[in-house]
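Residue numbers begin at 1 in each chain, while the letters A, B, ... track the order of the sequences.
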Number of protein chains: 2
Amino acid sequence: MSRTRPLTPELIAAAALEVGDREGAKAMSMRRIAAELGCDPMALYRHFADRDALLDAVADLALNDVPDPDPAAGWEDRLRHLAGGIRSAALAHPGIAAHIAGRPPLHGNGRRLALAMITALVDAGLSPTQAIRTAQALVAYLSAALAMAVRVGGDGRDERWHHVNRALSESAGQPVGDALPPTGSEEQFSYGLRLLLAGIRAEAHDGRPRQHGVTTAGGG
Amino acid sequence: MSRTRPLTPELIAAAALEVGDREGAKAMSMRRIAAELGCDPMALYRHFADRDALLDAVADLALNDVPDPDPAAGWEDRLRHLAGGIRSAALAHPGIAAHIAGRPPLHGNGRRLALAMITALVDAGLSPTQAIRTAQALVAYLSAALAMAVRVGGDGRDERWHHVNRALSESAGQPVGDALPPTGSEEQFSYGLRLLLAGIRAEAHDGRPRQHGVTTAGGG
DNA sequence: ACCTGAACACCGTTCAAGT
DNA sequence: ACCTGAACACCGTTCAAGT
């Protein structure tokens, strides 16, 4: 296509993302991406060490759309907005969602968002060390929850998580049926996030002079 | 090797797990597994619909070693033992850990362990619906945390998560350095689990007549 | 010196040919 | 009827040959 411009990492990542959005995660092959750009597959290796490095860049590009949280908002709201924004990005680019997942937020947007999380956690009252550990736990949860969400909602080909709900609810002694929000839903996602936020509140109160009670005052 | 026996799903899964343990996740190809068994690659398709189905069986086999928790123990200890057991299984079979991760616990050991989780959560005071939603959140956290742990500890080839700690702690304003337990460590894993357990306690108390206080009485 | 593309060593899976 | 393996349509990456 754009054989005029001189082929930057950004151009390559954008082409790869488009291929992924259009044809799914495993269509993002070096050969397929090169074809999209109208260049030799080997030309990509001049800008990325290997396929893994290229996918890092694609995952980061997909996070461009996630805004920084409003600094005036409370720490819980900021974390919720970050999580929601990352969820939206993952659902907007299901092809790359699994990669957003597993990759360490070393550069660019990943780093930006991880730092925003840590800032919010420090504001919650955690020490820097606690904040980083907590951010890692949050990233872990987000990763897998979004991978599940995309699998289920993506193109409908993986309904197996729905079966889990059904099978488990039967075995649990009570037929829960449709009362249970489907795996990958916004509601299921927020539920897990709420558990973590409650845990963070507890952690924050532990290291400080005891507040007057366990409360949800800061929450939304 | 064992060309005598008639090639069951179990035999195939065992051979695949051995290949994965010995040569890593991406060595578990249909062709390589067939070679290990001394049979035609196509013979595997008589027992599994496709590679994905075979890997489901391998992931489940890897969970054979995870024991049921002591039913006499408190619900928190049971959850901790389940999480610890799954962590051990993942570290014992790093080749398959990423697959233990993403797969719905529909059958066999996955289902067994998911039910044990749900039972513990119901004993914690959650409704069946809450218990299932919480179990999904726990599975999400376990998945990604173990995938990280294996990536870092596996064969040393992915140290990037360590760099995250270093980079983030610098940016967070304070050099945290070695005070921070490494990503993938037992300590980091337990920290995230602790956050979730605290969240579960809060959730359990919400729906019921208020206990006399927030306590860790049931914990270890 | 830089770039290219043929070649290497693989894949998962289909399907027609063998027993 | 059952099983086999050649063949199809791909991979990521190396490396020697071209400009």
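Sorted by residue number, the list of members of residues 13-23 of chain B with any non-hydrogen atom under 4.0 Å from DNA chain D is empty.
When all heavy atoms of A:Asn64 and A:Arg112 are compared, the closest pair comes out as O-NH2, 4.1 Å. Closest approach of B:Gln136 and A:Met148 over heavy atoms only: O-CE, 4.2 Å. In plain terms, the two heavy atoms of B:Phe189 and B:Ala83 that are nearest each other are CZ-O, 3.8 Å. Looking at every heavy atom in both residues, A:Gly95 comes nearest to A:Ala25 through O-CB, 2.9 Å. For B:Ala62 against B:Ala89, the heavy-atom pair with the smallest separation is O-CB, 3.5 Å. The shortest non-hydrogen separation linking B:Ala16 to B:Val58 is CB-CG2, 3.6 Å.
Contact of the B:Asp60 side chain with the B:Asp56 side chain is not registered, since no non-hydrogen atoms from C-beta on lie closer than 4.5 Å. The shortest side-chain heavy-atom distance between B:Arg87 and B:Leu146 falls under the 4.5 Å cut-off.
Here C:dC2 presents its C1' atom at 13 Å from NE2 of A:His47, a figure rounded to the nearest Å. Atom P of nucleotide D:dC11 and atom CG of A:Leu55 are separated by 13 Å, given to the nearest angstrom. Here D:dC3 presents its P atom at 13 Å from CG of B:Leu44, a figure rounded to the nearest Å.
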Yes or no on side-chain contact (heavy atoms from CB on, under 4.5 Å) for B:His47 and B:Leu11, after CA distance, side-chain angles and deciding distance? CA-CA 10 Å; B:His47 299 91; B:Leu11 267 174; over 6 Å; no
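Helical stems involving DNA chain D, defined as 3 or more consecutive Watson-Crick or G-U pairs under 3.5 Å, span C:4-8 with D:12-16, C:12-16 with D:4-8.
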Summarise how protein sits on nucleotides 12-19 of chain C as a single string, 5' to 3': B when a protein heavy atom is under 4.0 Å from the base, S for sugar-phosphate-only contact, - for no contact. BBB-----
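Comparing D:dA9 with C:dC10, their P atoms are spaced 22 Å from each other, to the whole Å.
Salt bridge B:Arg22/B:Glu36: present, at least one basic N to carboxylate O contact under 4.0 Å.
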